[in-house]
Amino acid sequence: MPAELPDLSTLSYLERYGYLPPGAAGPDLDVDTVAHALARFQDRMNVPVTGRVDADTRSELEAARCGMPDLVNGLALKALCPWDGPELRYAFGAPCTNYEGAFEAVERAASTWAGVLPFVLRRVESTQEPDVMVEWRPAQDPDHSMVGTVVAHADFPGPCWTITEAPPKPLHFDDDESIWADGAIRGAFDVETVALHEFGHLLGLAHTQVPGAVMYPRVRHHYVLRELQPDDLDQVCSLYPASVPT
Ligand SMILES: [Zn+2]
Ligand SMILES: [Zn+2]
């Protein structure tokens, strides 16, 4: 058990990603509550469970990741609400300023999901009342800050929303602090890999603790994961019984 509380940024992290209740991060927290939250985080991130901020844990806390929570209402649910079809219509807003091919990569990620779902993900113009707006935004993103370790965020569908109930829902990438690319490039994130993950949230999937699954919350440079994994497909099947197992 820690003798004293971790720094406020660690507490804020634990709150932001669901390990502490909303509004809990602050100097009045008791050390056992924080140790329990850290233990859950360590378990989720597959590092030794010590309940304190050791070197492995610090490294996980500072790692690039998706901005969506790991736990929802304190629960480790992998699937939340399904997208209420009959289709998901997405449009492109502000482009990526450091990689021109980014929108094509997003379209490939949408096609991958469409391949297993009982409805289509269709690209429309931004003037056609899209369900989802895909764009690259400043790190100080007004709807969900991406300053620091967050490289992208989206939202959950239907009543499970956390960012906006009204369309268009966000699929936002950090245009300030992250370098984007096509493929496994040193110092850059593969757009298709991250887009595949973020579409998963819009389709109702939450984070998993299975490393190597698309819905794992950590994101890495120099890394490509463009195919849905067994753990992802299990969640798709639970949300969409008419989906196509592959
Ligand atoms: Zn995520
Ligand atoms: Zn945003």
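When a ligand or atom number is given, it counts from 1 through the structure's own listing order.
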Answer key: the N, O or S atom of His201 nearest to the Zn ion (ligand 1) is NE2

Got an N, O or S from His153 under 2.8 Å of the Zn ion (ligand 2)? yes

Can you name the N/O/S atom of Asp141 that is nearest the Zn ion (ligand 2)? OD2

Using a 6.0 Å distance limit plus a 45 degree cone around the ring axis, check whether Arg65 lies over the aromatic ring of Tyr17. yes

Given atoms SG of Cys66 and NE2 of His197, what angle do they subtend at the Zn ion (ligand 1), to the nearest 10 degrees? 120°

Closest non-hydrogen atom pair, Gly183 against Asp190: N-OD1, 2.7 Å

Do Thr50 and Asp54 have a side chain donor and acceptor closer than 3.5 Å? yes

Do the rings of His207 and His201 sit parallel, tilted or perpendicular, given the 30° and 60° boundaries? perpendicular

Against the six-membered ring of Tyr223, is Arg220 placed for a cation-pi contact (under 6.0 Å from the centre, within 45° of the normal)? yes

When you measure from the Zn ion (ligand 2) to each N, O or S atom of His172, which atom gives the shortest distance? ND1

Can you name the N/O/S atom of Asp143 that is nearest the Zn ion (ligand 2)? OD1

